[in-house]
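My questions all concern the structure below.
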Amino acid sequence: MRTICILLLIPLLLSSCVSTSNLFQDGKSLGKGNVELGGSFTIHQVPKLESKITDDRTGMPWFQAQSQVGVTKKLDLGGGVGISGIGIGGQAFAKYALLPAESKTGIALLALAGYASSGSKGNYVEDATFQWADHARYINFTYSVPISFRANDAVTFVLQPIYGKEIMTVFPADSFFSPTEPTTTRTFESVKLGIGPIVDVGKVRIHINLTTAYIMNTNSFAPSIGVAGIVRLF
């Protein structure tokens, strides 16, 4: 069986909810009946997911739109869709606030599930030849604890530890022509830490964050930086 490995070109599913691809979260809920809409732009360093994959470790932009609604006093539900030059993805999440809304400190539990698909290729050196992948799909489950502190009426500081598990399935370039060509499935685990401010400017909240992911499988790091703008509708 020929081994086929791919350089992951959409790190959406490794970015999890601390990246502004998922709109950087604070530790408070919106409150029942409140709704927010937002958009974000994030640049990721392409993570190294296989030790034998050759890659240039370049950055990749990701654009996303997202909505979030306060279902109860402490529970928010949300979802979003994102796009880059070579793929699309989406996710849904739930966030539950642990502390009272009037507290300056916010702590929440956040769970997210995501899916993405890309037409991409990676190269894997095996017997001095290159193996090419046609496209891949990813399923992600992420758990995080947003912790925030409101410094004043305009600025909130956020620290967000995250654990993520990603399942990637690679479809070989010649799989349509060779029915015996297998797909390849990989599972990756990562831990991440995001830090940054949330700044209130009138009715708009500006989220700025720097996130570093540690990929356990390859003992490697992949940072990302992002900015998001969020508007509360009501």
Side-chain angles (χ1 to χ4, degrees), residues 8-31 33-47 58-71 75-95 97 106 108 110-120 138 140 142 144 146 148 150 153-160 162 164 166 192 194-213 222-234:
L8 182 63
L9 292 182
I10 299 184
L12 162 69
L13 304 184
L14 286 174
S15 65
S16 80
C17 56
V18 74
S19 167
T20 50
S21 286
N22 303 307
L23 298 185
F24 195 49
Q25 295 282 324
D26 63 19
K28 292 182 175 295
S29 65
L30 299 183
N34 292 318
V35 177
E36 288 185 345
L37 293 179
S40 66
F41 172 74
T42 306
I43 297 179
H44 303 262
Q45 177 176 305
V46 177
T58 57
M60 180 181 56
W62 180 263
F63 301 89
Q64 179 151 317
Q66 182 167 314
S67 63
Q68 187 167 333
V69 59
V71 178
L75 176 65
D76 291 356
L77 296 179
V81 293
I83 188 169
S84 71
I86 44 79
I88 59 174
Q91 62 274 156
F93 65 88
K95 182 174 75 170
L110 193 150
L112 178 146
Y115 175 87
S117 178
S118 71
S120 56
Y138 328 96
N140 155 264
T142 298
S144 72
S148 60
R150 193 164 183 84
D153 291 339
V155 179
T156 299
F157 292 101
V158 179
L159 176 71
Q160 193 165 8
I162 300 166
E166 295 75 38
K192 313 172 189 69
I195 58 174
I198 299 176
V199 181
D200 293 298
V201 183
K203 295 183 178 180
V204 178
R205 303 198 86 190
I206 306 298
H207 294 201
I208 304 170
N209 81 88
L210 174 63
T211 303
T212 299
S224 67
I225 187 169
V227 179
I230 301 171
V231 178
R232 179 166 294 189
L233 299 184
F234 48 83

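Small disclaimer: the values here were computed from a predicted structure and weren't measured. Index from 1, following the sequence.
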Quiz prompt | CD1 on Ile225 to CZ on Phe41, rounded to 0.5 Å | solution = 10.0 Å
Quiz item: Between atom CD1 of Ile206 and atom CD1 of Ile208, what is the distance when rounded to the nearest 0.5 Å?
Solution: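 So the CD1 of Ile206 and the CD1 of Ile208 are separated by 7.5 Å.
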Self-check item: Side-chain donor/acceptor of Lys95 to backbone N/O of Gly27, under 3.5 Å
Solution: no
Practice problem: Can you sort out the partners of Arg205 under side-chain contact (heavy atoms from CB on, under 4.5 Å), two or more places apart, ordered by chain and number? | Solution: Asp26, Glu36, Arg150, Thr156, Ile198, Asp200, His207, Ile230
Self-check item: Minimal non-hydrogen separation, Trp62 against Gly89, with atom names
Solution: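 Heavy-atom minimum between the residues: CH2-N, 3.8 Å.
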Quiz prompt | Heavy-atom closest pair, residues Ser67 and Leu37 | solution = CB-CD2, 3.4 Å
Quiz item: What is the minimum heavy-atom distance between Ser144 and Ile162, and which atoms define it?
Solution: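 Nearest pair, atom of Ser144 first, then Ile162: CB-CG1, 3.4 Å.
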Self-check item: Gln160 CD to Lys192 NZ distance, which is reported to the nearest 0.5 Å
Solution: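 It comes to 10.5 Å.
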Quiz item: Excluding sequence neighbours, so at least two apart, what forms side-chain contact (heavy atoms from CB on, under 4.5 Å) with Val35?
Solution: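 Only Val69, Leu233, Phe234 meet the side-chain contact (heavy atoms from CB on, under 4.5 Å) criterion with Val35.
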Quiz item: Are Leu30 and Arg232 close enough that some pair of their side-chain heavy atoms sits under 4.5 Å apart?
Solution: yes
Quiz item: Under 3.5 Å, side chain of Asn34 to main-chain N/O of Gly70, donor-acceptor pair present?
Solution: no
Quiz item: With side chains defined as the heavy atoms from C-beta onward, is the minimum distance between Pro146 and Ser148 less than 4.5 Å?
Solution: no
Quiz prompt | Atom pair OG1 (Thr42) and CZ (Phe63), whose distance is rounded to the nearest 0.5 Å | solution = 9.5 Å
Self-check item: Pairs where residues 81-94 contributes a residue and the test salt bridge (Lys or Arg N to Asp or Glu O under 4.0 Å) is met, not counting sequence neighbours
Solution: none
Exercise. Mind listing the closest non-hydrogen atom pair of Phe93 and Leu110 along with its distance?
Key: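 Smallest heavy-atom distance, with atoms named: CB-CD2, 4.2 Å.
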Practice problem: Working to the nearest 0.5 Å, report the span between CG of Leu77 and OG of Ser29. | Solution: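 It comes to 11.0 Å.
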